Amino acid sequence: MAKINSTFKGKLLRYFEQKINLRPYRNGWYKPDRCPYCGREGKFGINLSANRCNCFRCGEHPSPLGLVLYLEHLDTYAEAFKLLEQSKFEGYHFKEEKVEIKQKANLYLPEGVFLLNQGDSLLARGARRYIKKRGFDPDELSRKGWGYGTKDKYFGYIIIPFYEKGMMTYFNARLFMGNGPRYNNPDTSESGVGKSLLWFNQDALAMYNSIFICEGAFNAQTMGDRAIASGGKMVSKYQINQLIKSPCKRFILLLDPDAKDKAIDLALKLVNFKKVKVVFLPEGKDVNDLGRNQVLRMIYSVRYQDYHELIQIKHGLK
């Protein structure tokens with residue numbers, strides 16, 4: 001079987017260019033026109049240096065060679081290697097992209113951001129109305145630095161700060177009024193790091209023996225100070241390492257119902273180091289929809305699972 005070296009990655013790159021119109025993006029990532037799995041435009045990326053593919057819409061994350069199997073309806077990696085050895089994919093010697101974790105920058109809230117309990121404009125009242133509808137007290141969230149944007153790219157967005165050791169390291173921007181993408185988070189150039197290197201409410205990992213793991217900040221806030229959020233269905237290796245290295249002893253996974261397989265995969269990565277409990281929420285409902293009390297009742301009805309039980313649950317999902 002061929003080695004996955006720079007020459008072979010050059011063939012992979014040529015194959016994807018011809019098959020799905022792959023083109024350079026940034027920081028070692030390439031993008032096709034649309035996701036091969038869900039068809040969403042602009043959400044799928046391939047990083048040959050990191051041996052990763054990922055769709056930020058549907059969550060599919062095969063290896064590049066696994067994507068070849070999917071696109072060509074092949075059964076084995078040997079077949080994929082044979083396909084890529086064809087001469088029509090020759091011509092490139094792939095240059096590896098050096099992957100670095102940047103130093104966290106000093107991050108400040110954008111100009112025009114006000115705390116939720118400040119102001120009496122239509123925008124301010126709309127932000128507070130949205131927060132109350134989600135079940136939160138604007139004054140309480142203001143004390144945690146939550147605000148709303150009034151200018152430029154953050155107009156109409158709830159601003160949700162991330163802290164580590166008391167310092168703001170990142171923020172989410174969640175649309176509540178007007179048009180625009182649902183989330184409008186800062187670029188890596190602004191924060192120094194991306195969300196895959198952070199947890200919302202990360203300091204909780206050093207403060208509590210038992211932690212709730214959610215997808216989004218609104219869900220984590222619903223569960224209170226012992227909850228953290230990954231920022232999406234996909235949890236990076238760096239984030240997993242932070243969980244394993246933390247003094248926290250027990251993790252309760254509360255991912256959204258459409259991420260059951262991701263929740264089990266995460267639990268399997270943690271179970272040899274920590275006690276884990278995977279709680280499946282009702283279809284179409286997340287933690288914030290259900291409310292803290294109902295979620296707690298569900299948590300108490302489920303016991304912690306060992307490796308073999310998690311494998312059984314994983315097989316049951318197929």
Side-chain angles (χ1 to χ4, degrees), residues 29 35-40 43-47 50-64 66-67 69-70 162 172 182-183 185 194-202 204-205 211-223 227-244 246 248 250-290 295 298-299 302 304-318:
W29 285 90
C35 173
Y37 296 90
C38 69
R40 188 64 178 261
K43 295 296 183 180
F44 190 83
I46 298 175
N47 189 319
N51 195 37
R52 290 180 59 197
C53 301
N54 189 46
C55 178
F56 293 92
R57 175 68 177 183
C58 68
E60 290 289 345
H61 58 292
S63 67
L67 178 58
L69 293 181
Y70 176 79
F162 287 41
N172 277 163
R182 186 180 179 188
Y183 288 98
N185 301 328
K195 65 179 182 179
S196 65
L197 301 178
L198 300 163
W199 288 94
F200 171 76
N201 195 29
Q202 183 163 325
L205 290 170
I211 289 287
F212 306 115
I213 298 179
C214 305
E215 279 190 37
F218 279 103
N219 291 332
Q221 186 62 41
T222 300
M223 296 307 297
I228 62 176
S230 59
K233 304 181 196 311
M234 305 304 302
V235 179
S236 71
K237 291 181 181 178
Y238 188 86
Q239 288 173 308
I240 293 170
N241 193 43
Q242 288 176 309
L243 299 180
I244 293 171
S246 77
C248 181
R250 298 181 296 275
F251 290 110
I252 297 102
L253 280 60
L254 300 170
L255 303 192
D256 292 354
D258 60 349
K260 291 179 180 178
D261 57 335
K262 309 296 187 304
I264 293 296
D265 288 343
L266 175 57
L268 287 168
K269 291 180 173 70
L270 296 175
V271 72
N272 289 328
F273 307 93
K274 311 285 184 177
K275 294 188 69 174
V276 294
K277 180 188 294 191
V278 179
V279 179
F280 289 153
L281 306 179
E283 290 299 325
K285 300 288 185 179
D286 63 18
V287 168
N288 186 246
D289 295 328
L290 296 168
V295 174
M298 296 178 65
I299 290 171
V302 178
Y304 286 92
Q305 297 126 346
D306 62 25
Y307 179 83
H308 296 292
E309 289 171 318
L310 291 169
I311 289 294
Q312 289 178 339
I313 296 171
K314 183 179 178 70
H315 289 328
L317 295 177
K318 295 180 179 179

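This structure is a prediction, so every number in the text was calculated from the model and none was measured.
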Can you check side-chain contact (heavy atoms from CB on, under 4.5 Å) on Val287 and Phe218, steps first, answer last? CA-CA 8 Å; Val287 168; Phe218 279 103; over 6 Å; no

Checking Lys233 against Asp258 for the side-chain contact (heavy atoms from CB on, under 4.5 Å) test, could you report, in this order, the C-alpha distance in whole Å, the side-chain angles of both residues, the deciding distance, and whether it holds? CA-CA 9 Å; Lys233 304 181 196 311; Asp258 60 349; 2.8 Å; yes

Taken to the nearest 0.5 Å, the spacing of Ser230 OG from Ile240 CD1 works out to 10.0 Å

Pairwise side-chain contact, Leu198 with Tyr238, heavy-atom cut-off 4.5 Å (strictly under): no

Give me the ring orientation class for Tyr37 and Phe44: parallel if the planes are under 30° apart, tilted from 30 to 60°, perpendicular past 60°. tilted

What is the distance from atom CG of Asp261 to atom CD1 of Ile264, rounded to the nearest 0.5 Å? 9.0 Å

Enter the distance from Met234:CE to Leu266:CG here, rounded to the nearest 0.5 Å. 10.0 Å

Interatomic distance, Trp199 atom CH2 to Ser246 atom OG [nearest 0.5 angstrom]: 10.0 Å

Give the minimum heavy-atom separation between Ala229 and Ala217, together with the two atoms involved. CB-N, 3.8 Å

Is there a donor-acceptor pair under 3.5 Å between the side chain of Asp286 and the backbone N or O of Asp256? no

Glu215 side chain vs Gly231 backbone, donor-acceptor pair below 3.5 Å: no

If every non-hydrogen atom of Ala220 is compared with every non-hydrogen atom of Phe200, which pair is closest and at what distance? CB-CD2, 3.8 Å

What verdict does the side-chain contact (heavy atoms from CB on, under 4.5 Å) test give for Thr222 and Val295, after you've listed the backbone C-alpha separation in whole Å, the side-chain angles of each residue and the deciding distance to 0.1 Å? CA-CA 10 Å; Thr222 300; Val295 174; over 6 Å; no

I need the minimum non-hydrogen distance between Asn201 and Ala227, along with the two atoms involved. ND2-O, 2.8 Å

Quick one: is the NZ or CZ of Lys274 closer than 6.0 Å to the six-membered ring centre of Phe251, and within 45° of its axis? no

Run the numbers on Ile211 and Leu243 for side-chain contact (heavy atoms from CB on, under 4.5 Å), then give the verdict. CA-CA 10 Å; Ile211 289 287; Leu243 299 180; over 6 Å; no

Please answer whether the main-chain N or O of Val278 pairs with a side-chain N or O of Gln305 as donor and acceptor at a distance below 3.5 Å. yes

Check: Leu254 and Met223 side chains under 4.5 Å, non-hydrogen atoms: yes

Specify the closest pair of heavy atoms between Cys53 and Leu67, including all atoms of both residues, with the distance to one decimal. SG-CD2, 4.1 Å

Rounding to 0.5 Å, atoms CG (Leu253) and CD1 (Ile213) come to a distance of 4.5 Å

Counting distance only, does the side-chain N/O of Asn219 pair as donor-acceptor with the main-chain N or O of Asn288 below 3.5 Å? yes

Pairing of Lys260 and Glu283 as salt bridge, 4.0 angstrom limit: yes

Between Gly284 and Pro257, what is the shortest heavy-atom contact and its length? N-CG, 3.9 Å

Closest approach of Tyr304 and Arg250, non-hydrogen atoms and distance? OH-CD, 3.4 Å

One should read off an interatomic distance between Phe280 CZ and Met298 CE, to the nearest 0.5 angstrom, of 10.5 Å

Test Asn185 against Asn172 for side chain to side chain donor-acceptor pair (under 3.5 Å), laying out the working first. CA-CA 5 Å; Asn185 301 328; Asn172 277 163; 3.3 Å; yes

Do Leu310 and Lys314 have side chains that approach each other closer than 4.5 Å (heavy atoms only, starting at C-beta)? no

